[in-house]
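Input: a single structure, listed below in structure tokens.
Per chain, numbering begins at 1; letters A, B, ... match sequence-line order.
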Protein chains: 2
Amino acid sequence: MAKLDLFKFVPFRLNRLGAEVSAALSSEYRERYGLDIPEWRVIATLGFRKEACSAQYIAQCTRTHKSTISRAVTALLERHLLERVENEDDRREFRLRLTRKGTMLYEDLIPSLLRREQEILGCLSAQERKDFARLLGKIEDSLGLVQTSRPMSEIEAY
Amino acid sequence: MAKLDLFKFVPFRLNRLGAEVSAALSSEYRERYGLDIPEWRVIATLGFRKEACSAQYIAQCTRTHKSTISRAVTALLERHLLERVENEDDRREFRLRLTRKGTMLYEDLIPSLLRREQEILGCLSAQERKDFARLLGKIEDSLGLVQTSRPMSEIEAY
DNA sequence: GCGAGATAGTCTCACTTGCAACTATCTAAA
DNA sequence: TTTAGATAGTTGCAAGTGAGACTATCTCGC
């Protein structure tokens with residue numbers, strides 16, 4: 001008779017761990033700045049990339065639905081953490097970039113988030129962390145998840 | 001200036017991977033049996049453990065909110081995949097167990113789910129899979145996630 | 001230049017889920 | 001025995017999210 005131990009089943013474990021880690025991290029930017037996960041993703045994408053980029057680009061590379069990104073962008077615009085400029089070449093899209101205030105928030109948040117990441121990975125040795133990142137990368141690759149920052153043109157349709 | 005590359009940031013990667021893998025797997029039981037994730041978790045827990053157990057127990061060990069489990073149990077009862085019997089020792093709780101129909105569904109589903117798991121892990125060598133499972137386990141342990149089936153009495157409050 | 005189809009972004013709708021209140025029941029202590 | 005507090009399970013409500021329709025704009029082929 002077939003059996004499946006949920007606690008040894010990798011898909012379940014990844015889902016549970018992803019939710020857990022995400023909850024731990026998001027409490028950081030939610031409590032300090034009232035940001036939710038989509039809003040944080042927008043800020044993180046714009047903060048890391050120097051150039052302004054479109055909402056569509058952010059949706060694609062964070063794998064978040066465009067309507068979710070749209071709502072996050074609206075909220076951030078209202079809080080003046082973001083500004084958008086019309087793109088003269090294509091008037092359907094807007095170029096988004098962090099305001100000075102948004103950049104300050106981003107830079108203020110990074111150290112504590114990196115610290116939390118290190119806490120989560122603190123149970124692993126340096127070598128194990130490298131191995132874990134490498135194995136994660138292999139799985140991401142095989143599932144076609146975007147793994148590194150790439151120019152917009154290389155990101156295939158979502 | 002502080003920088004954080006979202007694509008190298010483990011919490012983001014785990015969350016994205018967890019969502020992706022979960023979506024890939026859930027399409028299997030959704031399309032074949034119209035089950036959603038909470039319903040599948042109830043069935044998986046009861047199918048693996050021989051003894052009947054309470055909704056509370058399922059909620060705790062799958063780390064799913066008790067109201068979500070309650071709704072899943074109601075739906076499964078209506079479909080006659082589950083039955084519940086009053087617990088004479090404690091009339092607040094019910095003992096849940098799969099019906100014959102539920103057991104058949106469970107056993108029918110297992111092979112394809114295990115196959116999908118293997119597809120996802122197919123990019124790793126046998127040794128890498130072992131390593132990955134071990135590292136996952138270390139992180140789960142350090143975060144206090146339940147990792148193996150344990151008697152109900154040992155599971156601390158959610 | 002014009003029309004068909006594609007794309008960026010917004011908005012409405014339906015669905016899911018977590019929270020918290022609620023009922024019923026249990027436990028322990030006065 | 002009574003009462004206060006804990007616990008199992010259910011339910012109403014509010015918030016968040018994806019699907020898909022919609023508008024405006026772009027592109028390509030004629």
Using the closest heavy atom to pick a nucleotide of DNA chain D for each, name whichever of A:I37 or B:S70 lands nearer the 5' end. B:S70

DNA chain D: A:E88 or A:T68, which has the more 5' nearest nucleotide? A:T68

Nearest-0.5 Å distance that lies between atom [atom1] in [X] and atom [atom2] in [Y]:
X	Y	atom1	atom2	value
A:E117	B:F12	CD	CZ	12.5 Å
B:L114	A:L4	CG	CG	5.0 Å
B:R30	B:E39	CZ	CD	12.0 Å

Rounded interatomic separation in angstrom, taking [atom1] from [X] and [atom2] from [N]:
X	N	atom1	atom2	result
B:N87	D:dG9	CG	P	9 Å
A:K66	C:dA6	NZ	P	14 Å
A:I69	D:dG16	CD1	P	15 Å
B:D90	C:dT27	CG	P	6 Å
A:E93	C:dT10	CD	P	12 Å
A:R95	C:dA8	CZ	C1'	12 Å
B:R92	D:dA6	CZ	C1'	7 Å
B:D36	D:dG18	CG	P	16 Å

Quick check against the 3.5 Å criterion: does [X] have a side-chain atom that pairs as donor or acceptor with the backbone of [Y]?
X	Y	value
B:R13	A:A133	yes
B:T74	B:S70	yes
B:E128	A:L135	no

Quick one: do A:E28 and A:R32 make a salt bridge, cutoff under 4.0 Å? yes

Given D:dA8, is OP1 or OP2 found less than 4.0 Å from the side-chain N or O atoms of B:S54? no

Using a distance-only criterion (donor-acceptor N/O pair, under 3.5 Å, no hydrogens), is the base of D:dT25 paired with the side chain of A:R91? no

Can you check whether any acceptor in the base of C:dC19 is under 3.5 Å from a donor in the side chain of B:S67, or vice versa? yes

If the test is side-chain contact (heavy atoms from CB on, under 4.5 Å), which one of B:L81, B:L76, B:L96, B:T103 qualifies with B:L46? B:L96

Please indicate whether B:R79 has more than 12 foreign heavy atoms, meaning atoms of other residues, nucleotides or ligands, lying under 6.0 Å from its CZ. yes

For DNA chain C, find the residues of residues 71-85 of chain A with a heavy-atom distance under 4.0 Å and give them by number; none if there aren't any. A:R71, A:R84

For DNA chain D, determine which residues of residues 19-33 of chain A have any heavy atom closer than 4.0 angstrom to one of its atoms, and list them numerically. none

